Amino acid sequence: MNKRAIRIPCGILRWRGIFEFAPRIAGMAVLLLCFCATSGLAATGDTLRYDGVIGPGLPETTLWVTQVSVEEVDYNTIYHLRFTLTEKGNENAVYQQFDLKTEQALDAEHSLKFVDLNFDGYLDIDARYYMAAGNDVHRFFLWNKDAMRYEAATIGNMEVSWYSLYPDKGVITSYVHDSAVSGVSELYKVEDGEIALQRVVDTTAFDGDTNNYHLRVTDYTTGAEVVTREEVYPEEDKHYEVLEQVDGLLWEGIE
């Protein structure tokens, strides 16, 4: 299968002291947003500003992201972020306001990415939740073109940002790292802006007593949860061979 992937995150370019985000899909820039901010912000009251056009037929807007508080919860530092979408040049014309609590301090280079996640022509928000040893965990807000607002999205394990976009096939894949020889791969199909889970290939189950790994393939293409393959294999002689099959198992029968 000829699959063309767009890897996230996007690149960052410096130009005249301003950051420009330019994620690309099929070679075309889908966004050019500039913001005036200082990298590595951490204090309460810090604000990032993003100016741009969310999608076709919409006016220029400004998205303000403000760190309104910081607290310690169970030995974790929690940052309370407030998102305010306004008319560009008029902060009093507020279209929407919503909050997000993360373990990621507000940062000009890493806090947010903008990408058309569901291929509907409108820019969605990918906000970093925390950076772990093997995973870069994010939260998503999808633009609802009918309600004219951003809405929080829970898309399986896609809150983890190791994902790729395949616009020509209307497909998103994601990977959740577990270890060097295990993880969870997922494939989603996008139709009419809706994101639906199609398949999961899970190699994370491990039996410490026998050193055996478990492979499970679960299919959702019919709307029901169907386990199509499940096997146990010894770590020492087959786990790398099985890992080489994961991509094929994930895409099998997906058009």
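What you see is a predicted model; the values in this text were computed from it and never measured. For the numbers below, each heavy atom of this structure counts, side chains included, while hydrogens, waters and symmetry mates do not.
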Using every non-hydrogen atom in the two residues, find where [X] and [Y] come nearest and quote the distance to one decimal.
X	Y	result
H80	D99	NE2-OD2, 2.8 Å
D116	L165	O-CD1, 4.3 Å
Y95	P59	OH-CG, 4.3 Å
A105	S111	O-OG, 3.5 Å
G121	P56	O-CD, 3.2 Å
Q104	Y79	C-CD1, 3.6 Å

Margin query: For T86 and E91: C-alpha separation, side-chain torsions, deciding distance, then whether side chain to side chain donor-acceptor pair (under 3.5 Å) applies.
Written below: CA-CA 6 Å; T86 72; E91 296 180 40; over 6 Å; no
Using modelled atom types and a 3.5 Å cut-off, is there a donor and acceptor pairing between side-chain atoms of [X] and backbone atoms of [Y]?
X	Y	result
D219	V226	no
R199	L250	yes
T203	G183	yes
K189	E194	no

Next item on the list: Among I195, D192, I172, find the residue that satisfies the side chain to side chain contact (heavy atoms under 4.5 Å, CB included) test when tested with F119.
Entry: I172
Return the [atom1] to [atom2] distance between [X] and [Y], rounded to the nearest 0.5 Å.
X	Y	atom1	atom2	result
L106	L112	CG	CG	8.0 Å
T62	R49	OG1	CZ	4.5 Å
K88	L63	NZ	CG	13.5 Å
N118	E191	CG	CD	12.5 Å

Check: When you look at CD of Q96, are more than 12 heavy atoms from neighbouring residues, nucleotides or ligands closer to it than 6.0 Å?
Finding: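 Yes, because the 6.0 Å sphere around CD of Q96 holds more than 12 heavy atoms from other groups.
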Notebook entry, point to check: Around atom OH of Y129, are there more than 12 heavy atoms of other residues, nucleotides or ligands at under 6.0 Å?
Noted result: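 Count over threshold, so yes.
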Next item on the list: Take E151 and L142 through the side chain to side chain contact (heavy atoms under 4.5 Å, CB included) test and state the conclusion after the steps.
Entry: CA-CA 5 Å; E151 296 178 350; L142 303 184; 5.7 Å; no
Note to self: Are L85 and F98 linked, directly or through intermediate hydrophobic residues, by side-chain heavy-atom contacts shorter than 4.5 Å (ILVMFWY only)?
What the structure shows: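 Linked within one cluster.
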Margin query: With clusters defined by side-chain heavy atoms of hydrophobic residues (ILVMFWY) lying less than 4.5 Å apart, directly or transitively, does M148 cluster with Y50?
Written below: yes
Next item on the list: With salt bridge (Lys or Arg N to Asp or Glu O under 4.0 Å) as the test, would you mind laying out the steps for D120 and K145 before giving the verdict?
Entry: CA-CA 9 Å; D120 64 353; K145 60 185 177 182; 5.4 Å; no
Margin query: Let's go through Y163 and D126 carefully: what are the C-alpha distance in whole Å and the side-chain angles of both, what is the deciding distance for side chain to side chain contact (heavy atoms under 4.5 Å, CB included) to 0.1 Å, and is it a yes or a no?
Written below: CA-CA 11 Å; Y163 62 89; D126 178 348; 2.7 Å; yes
Check: Angle class for the W143/Y150 ring planes (parallel below 30°, perpendicular above 60°, tilted otherwise)?
Finding: perpendicular
Notebook entry, point to check: Under 30°, 30 to 60°, or over 60°: which ring-plane class applies to Y166 and W251, parallel, tilted or perpendicular?
Noted result: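 The arrangement is perpendicular - the two ring planes meet at more than 60°.
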Item checked: Test side chain to side chain contact (heavy atoms under 4.5 Å, CB included) applied to T66 and D46, step by step -> CA-CA 6 Å; T66 303; D46 282 332; over 6 Å; no
Next item on the list: Would you sort out whether V217 and V200 count as a side chain to side chain contact (heavy atoms under 4.5 Å, CB included), showing the intermediate values?
Entry: CA-CA 6 Å; V217 181; V200 177; over 6 Å; no
Next item on the list: Test K101 against E71 for salt bridge (Lys or Arg N to Asp or Glu O under 4.0 Å), laying out the working first.
Entry: CA-CA 10 Å; K101 289 188 176 182; E71 59 182 329; 3.6 Å; yes
Next item on the list: Just jot down the salt bridge (Lys or Arg N to Asp or Glu O under 4.0 Å) partners of E231, sequence neighbours excluded, or say none.
Entry: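 E231 satisfies salt bridge (Lys or Arg N to Asp or Glu O under 4.0 Å) with R229, K238 once adjacent residues are dropped.
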Margin query: Determine whether D202 and R216 satisfy the following criterion, salt bridge (Lys or Arg N to Asp or Glu O under 4.0 Å), listing intermediate values before the conclusion.
Written below: CA-CA 5 Å; D202 188 342; R216 176 191 288 258; over 6 Å; no
